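Each ligand, and each atom within it, is numbered from 1 in the order the structure gives. Here the structure is a predicted model, which is why all the values come from computation and not from measurement.
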Amino acid sequence: VAETQEVVPTPEELLGFNPFDPEFRRDPYPVYKELRQRAPVLRTPFGMVVASRYAECASLTHDPRFSSDQRNSAQYKLFVEQQRAAGTPVDESEFSPSFLFLDAPDHTRLRGLVSKAFTARRIENLRPRIQEFVDELIDAHQPRGSMEVIEDLAFLLPVTIISEMLGVPSEDADTFKAWSRELARSLDPEIAVPPEVIERRQKASESFRDYFQTLIAKRRGDPQDDLLSALIAAEDGGDKLTELELLSTCVLILIAGHETTVNLIGNGVLQLLRHPVQLERLRSDPSLVKPMVEEVLRFDPPVQFNGRIALEDTDVAGETIHAGEMVITLIGSANRDPGHFPDADTFDIARAPNAHIAFSTGPHFCLGAALARLEGQIALQTLVDRVPNLRLATDAIEYKENIVLRGLAALPVTF
Ligand code: HEM
């Protein structure tokens with residue numbers, strides 16, 4: 001890792017692809033266009049290969065020759081080897097990766113069990129509560145004539161709904177929110193995150209585990225009508241989630257479901273404000289809310305990168321990916337591929353069809369997509385309906401430092 005960190009690639013080598021560069025983060029889309037045209041499969045000096053066209057991005061996530069399990073990477077194998085040689089072998093017995101980072105058959109088994117609890121009906125039942133909560137947040141700011149969309153709305157909605165859904169008692173809600181803030185960069189590779197942030201996110205993750213351990217014990221003795229009790233009870237042919245699997249699933253739901261949805265709401269408000277004709281269209285025809293959220297997900301997706309490890313040497317668009325190498329599929333680029341989406345750089349809230357890959361494709365397709373869509377639809381529609389004259393309060397839009405997730409640091413608006 002140290003060696004990789006020291007490599008300073010030239011911008012020419014990377015055609016401008018540098019996720020560590022704030023300028024790139026502000027607007028990665030022109031760079032993605034260069035990549036698709038000139039190097040659809042690009043080997044970078046960061047030790048990974050980057051795929052930017054829709055065809056490769058959408059097919060790689062279905063391909064069993066590519067793994068979601070980081071332990072198949074050449075880097076991880078080298079680390080295990082070095083630890084063994086140093087007399088401190090890695091002990092994986094107490095380690096239970098969440099199913100996002102597992103392959104079949106373990107992934108199939110765990111996802112199947114969790115799906116039994118995370119049902120469409122459970123999500124749909126949340127509709128009135130989501131509406132009520134969004135209304136409360138808007139009520140609190142309406143008299144002031146201004147709000148900071150990320151802090152005052154987008155951040156609070158997903159964490160509150162997930163914690164209530166899991167069955168976290170309301171007196172713990174603030175502690176829960178504070179830990180969630182620390183988990184924000186959990187999806188970024190360690191090489192990209194300052195050590196103090198890694199330490200804080202590790203502590204938050206441990207706090208969550210301890211907290212859920214206690215809550216699981218309570219719910220085992222006294223089940224309630226909540227997701228945690230349903231996860232404990234989920235059974236398939238006598239098979240159940242173990243304690244470790246329950247814990248990593250709870251933390252996964254938080255990591256996968258919180259910051260992603262914050263960014264959907266933030267990116268959505270920004271795009272509507274930047275496209276006033278589309279905003280007026282939505283105001284006059286509320287039935288466009290569903291395709292509008294799909295268009296936000298396509299046009300400026302909260303998750304920009306997906307990673308897979310090659311299990312064997314494999315040809316991808318003429319480039320050999322070697323066993324153990326990591327391929328990053330650029331969701332943000334695939335979603336703007338003109339070979340798949342006509343007028344791909346146009347934000348059109350009525351776009352149909354719209355087969356974007358913001359929630360991935362294949363066996364790991366986002367398990368929380370229905371919840372994210374519901375929260376995004378209600379938050380954006382309610383804001384547009386209830387807050388006329390919504391305007392950006394700044395020209396200086398800054399993005400968070402995250403690599404994998406794309407989201408605004410702040411979005412001040414006036415009305
Ligand atoms: C706009 C918001 C969201 C986006 C853009 C998003 C995106 C994604 C993506 C791209 C993946 C697949 C990663 C891969 O292929 O390796 C994924 C997986 C997942 N997401 Fe989401 N997600 C969102 C919201 C949520 C929510 C609200 C939840 C739950 C509360 C959730 C739970 C999950 C889970 C459990 C997985 C793992 C699925 C598996 O590995 O089988 N996500 N999400």
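- Applying the salt bridge (Lys or Arg N to Asp or Glu O under 4.0 Å) test to pairs two or more places apart or on separate chains, those with a residue in residues 222-238 are R219-D226.
- Taking 4.5 Å as the limit, every side-chain heavy atom of W179 sits out of range of all side-chain heavy atoms of K203.
- Scanning the protein for heavy atoms near atom 14 (C) of ligand 1, the closest one is N306 OD1, 3.1 Å.
- Counted within 6.0 Å of CD on E124, heavy atoms from surrounding residues, nucleotides or ligands total more than 12; the atom is thus considered enclosed.
- Residue K218 qualifies as open at atom NZ: its count of foreign heavy atoms under 6.0 Å is 12 or below.
- Side-chain atoms of S146 and T414 form no donor-acceptor pair, as typed in the model, at a separation below 3.5 Å.
- For atom 35 (C) of ligand 1, the closest heavy atom belonging to the protein is L252 CD2, 3.6 Å.
- The P363 neighbourhood of ligand 1 comprises atoms 41 (O), with distances under 4.0 Å to a heavy atom of that residue.
- Within the 4.0 Å heavy-atom criterion, neither part of V114 lies near ligand 1.
- Contacts between P301 and ligand 1 below 4.0 angstrom, taking non-hydrogen atoms only, are absent altogether.
- Short contacts between ligand 1 and L264, defined as distances under 4.0 Å to a heavy atom of the residue, involve ligand atoms 1 (C).
- The distance between the ring centers of Y29 and Y32 falls below 6.0 angstrom.
- With a 6.0 Å radius and a threshold of 12 heavy atoms from other residues, nucleotides or ligands, K400 has its NZ atom above the threshold.
- Pairing each heavy atom of L392 with each of I397, the nearest pair is CD2-CD1, 4.1 Å.
- A donor-acceptor pair shorter than 3.5 Å cannot be found between the side chains of D313 and T320.
- By the 30° and 60° cut-offs, the orientation of the rings of F99 relative to H107 is tilted.
- Each of the atoms 14 (C), 15 (O), 16 (O) of ligand 1 lies under 4.0 Å from some heavy atom of R308.
- In the vicinity of A358, heavy-atom distances shorter than 4.0 Å reach the ligand 1 atoms 5 (C), 7 (C), 10 (C).
- Counting only heavy atoms of the protein, atom 40 (O) of ligand 1 lies nearest to H364 ND1, 2.6 Å.
- With a 4.5 Å cut-off on side-chain heavy atoms, P276 and L273 do not count as touching.
- Sorted by chain and number, the protein atoms of type N, O or S within less than 2.8 Å of atom 21 (Fe) of ligand 1 are C366 SG.
- At a heavy-atom cutoff of 4.0 Å, ligand 1 is contacted by the side chain of F118 but not by its backbone.
- Set against the non-hydrogen atoms of H107, the atoms of ligand 1 under 4.0 Å away are 39 (C), 40 (O), 41 (O).
- Heavy atoms of L100 found under 4.0 angstrom from ligand 1 belong to the backbone as well as the side chain.
- Taking only nitrogen or oxygen atoms, main chain and side chain alike, T261 does not reach within less than 3.5 Å of ligand 1.
- Listed by number with element, the atoms of ligand 1 under 4.0 angstrom from any heavy atom of L371 are 30 (C).
- No side-chain donor from either of N267 and Q271 sits under 3.5 Å from a side-chain acceptor of the other.
- In terms of heavy atoms, Q377 sits closest to V289 at O-CG2, 3.6 Å.
- By the criterion of a heavy-atom distance under 4.0 Å, the side chain of R111, and not its backbone, is placed next to ligand 1.
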